[in-house]
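Lettering of chains follows the sequences in order, A, B, ..., and the numbering in each one begins at 1.
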Number of protein chains: 2
Amino acid sequence: MTNIRDIARESGYSVSTVSRVLNHKKYVSPAVRDHIEQVMQQLNYVPNAVARDLSSGHTKTIGVALAMVAHPYYTTLVKGITEAAFEEGYQVTLLPTDYDAKLERRYLEQLRQHAFDGLIFTSHSMPISEIAAAQAFGPVVVCQDPGSVTIPAAFTDRQASYHEAFAWIKQAGYQRIGLMLPRDPKVSATASAMVQAYTNVIGAAPAADLTWIGSMAYADGRKAGAFFAANGADFVFANGDDIAMGVHDYYQQNHLPLPGLMGQENQVSSALLGISTIDHHFHAVGRAALALATGAKTGQIKIASDFIARP
Amino acid sequence: MTNIRDIARESGYSVSTVSRVLNHKKYVSPAVRDHIEQVMQQLNYVPNAVARDLSSGHTKTIGVALAMVAHPYYTTLVKGITEAAFEEGYQVTLLPTDYDAKLERRYLEQLRQHAFDGLIFTSHSMPISEIAAAQAFGPVVVCQDPGSVTIPAAFTDRQASYHEAFAWIKQAGYQRIGLMLPRDPKVSATASAMVQAYTNVIGAAPAADLTWIGSMAYADGRKAGAFFAANGADFVFANGDDIAMGVHDYYQQNHLPLPGLMGQENQVSSALLGISTIDHHFHAVGRAALALATGAKTGQIKIASDFIARP
DNA sequence: GTAAAGTGTGGGACGCGTTTCAGGTCAAGA
DNA sequence: TCTTGACCTGAAACGCGTCCCACACTTTAC
């Protein structure tokens, strides 16, 4: 591999001048520029990206920690992040966590080692306080409401739309309202937000026989369908449109009368089923998160979510 | 930022010894090791990842060029890639192309500059011959059948399942079989494979009034539905389950008699509609592509796809 | 006419870890 | 006793650009 010093020697100019040519800077006479460019061509010279990063002190890369790679929540978020990153000249590195705090810590350590310029946690299993402490290593962004913890965050304001959604359910006269949560509300901010809204609006916390914990995809919806059917739910509020569809299918295939249904994420499936859903605008959240990670914006960015009622 | 030389000076040992401690190498006496570790602790030392990459000559990063970030084909592929990468100690950087050959070239240039150790094209708009030529820059992998071009490739053997699918359609007695293609078959290998199978099995190339070009997602399916309804198709073979669902919805909402339908990708939606589909096993393709990009495997890896018939 | 400003180049330090090679010590085996 | 080899440590080169500073010369500007 030929390097910048080879070019300098071969062309008869200094490394500084070659560097100037390389970076299209001023103060190089046209003749010299041409000559050096020719030599670079001849020696098939390519500047080394890693050396550049080392020298410049940044990588123009943002790490994105995500629990699941192929899941609509993460996919949409990543799309927003990637899109904004591209516009800003950053690249995005995917860091799978599988909800493992150990892995999350490993990625924070990488941030500390300057492997990337910033780190976005699309979800996190570590305590938020620990993540906040890691800001000493570099820009860290979370995608959930950090509460009183001081840390850059981009997230949807779920409460407003959750309240709206439950009010809608209540008004429709449903009595036994089932709730599907992605994970235990003790560890999942999303789940606890749903429980809280349920409790506030309906007037009581969801009963155990109306609460399903651990739903990520369609197949979970089918399993949950059996659970809710057995427990006589007349409404099921799922944590995703595909999941709601799973519930729907269970009832239908077993020729049971369908309960009321509501999903989240505003995917194709809820439109198909004609059920209500909530659009959390994760794409916008992703864009905001990227802006925070690069330092283009600071503080906390709350994005409104929309309750989409369908009769 | 304190560096390895600071540690050497402060501890009274040489840089080499500190490096040995850092990398848990043999030939450091326990006492010295302890002492140096203590100094590193005190000075809050963290090795610089970029300097390491520069020195070691690799980044342990694989670039993944993809046309669309939030699309089931790419998502599934990326999941397979990421999963395998994690196991092998590699990281994955997402490189959005939006089907733009210019961007693809830019990423090849980055490979040349050693920004990553390998590059996977999940799809490509550049001519394959040009990509093959770029192998001089480093490992480049494509995810489509490269034909006679010599380049590492991981892809699904679509022909077998496409043939099976069309044979199934033919046997069912359909006469006006509509075909939905993601892009122009002149530029898309996937599209041309579909056209070829259609032609072989049905006995004639798909007519213009039965061919829809440019379908990526559900919404395109709805548009195509109008097209096929107007042209009297009695069957529609879509290039995705969600797309097929779009077609289905168009017919249903306009109270038209449903045509036969078939999708691809074996997603939730085809199961819901009870229509046939093809599972291309993109997850496995992704894993194979990663193995090729790291050099763990070589050559071309063809993965069988499955035709899933549903009455 | 002379100071100020702009232009063109080079030297060399800096960012930072890895690795090769040399030199020295000490104990086990012949 | 001599050899061999494992063990410990250091000097310095290497991977490769970037950037500040100095120096020299040429234009403007007043």
A:K26 vs A:Y13, nearer the 5' end of DNA chain C by closest nucleotide | A:K26

5′-ward residue of the pair A:V32/B:K25 relative to DNA chain C = A:V32

Greater than 12 external heavy atoms within 6.0 Å of A:E87's CD |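 Counting other residues, nucleotides and ligands, CD of A:E87 exceeds 12 neighbours.
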
More than 12 heavy atoms from other groups under 6.0 Å of CD on B:E10 =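 Check fails, neighbour count at 12 or below.
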
Taking for each residue the nucleotide of DNA chain D bearing the nearest heavy atom, is the 5' side occupied by B:R52 or by B:V15?
-> B:V15

On DNA chain D, more 5' by nearest nucleotide between B:T17 and A:N23 is B:T17

Ignoring hydrogens and angles, are the base of C:dG10 and the side chain of A:R20 linked by a donor-acceptor pair under 3.5 Å?
-> yes

Has the side chain of A:S16 got a donor or acceptor atom sitting under 3.5 Å from an opposite partner on the base of C:dG11?
->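 Yes, the side chain and the base share a sub-3.5 Å donor-acceptor pair.
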
Considering every strand and a 4.0 Å limit on heavy-atom distances, what is the contact class for [X]: base, sugar-phosphate, or nothing?
X	answer
B:S19	base
B:V21	nothing
B:D53	nothing

Return the value, rounded to whole Å, for the distance between atom CG of A:D6 and atom C1' of D:dC16.
-> 10 Å

Separation of D:dT18 P from A:H24 NE2 (nearest whole Å) |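 Distance, rounded to whole Å: 11 Å.
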
Residues B:E109, B:R106: salt bridge by 4.0 Å N-O rule = no

From CA spacing to verdict: salt bridge (Lys or Arg N to Asp or Glu O under 4.0 Å), B:K60, B:E88 | CA-CA 9 Å; B:K60 285 284 179 180; B:E88 302 300 321; over 6 Å; no

Establish, with yes or no, whether the OP1 or OP2 oxygen of C:dG8 is under 4.0 angstrom from a side-chain nitrogen or oxygen of A:Y27.
-> no

Verify the contact: side-chain N or O of A:S55 to OP1 or OP2 of D:dC19, cut-off strictly under 4.0 Å; return yes or no.
->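 No, because none of the side-chain N or O atoms of A:S55 sits under 4.0 Å from OP1 or OP2 of D:dC19.
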
When you measure from the side chain of B:Y99 to the backbone N and O of B:M68, does any donor-acceptor pair fall under 3.5 Å?
-> no

By nearest atom, which of the nucleotides [options] is closest to the [X] side chain?
X	options	answer
A:S14	D:dC16, C:dC16, C:dT9	C:dT9
A:M1	C:dG17, D:dT18, D:dC16	D:dC16
B:V28	D:dT9, C:dT7, C:dT18	D:dT9

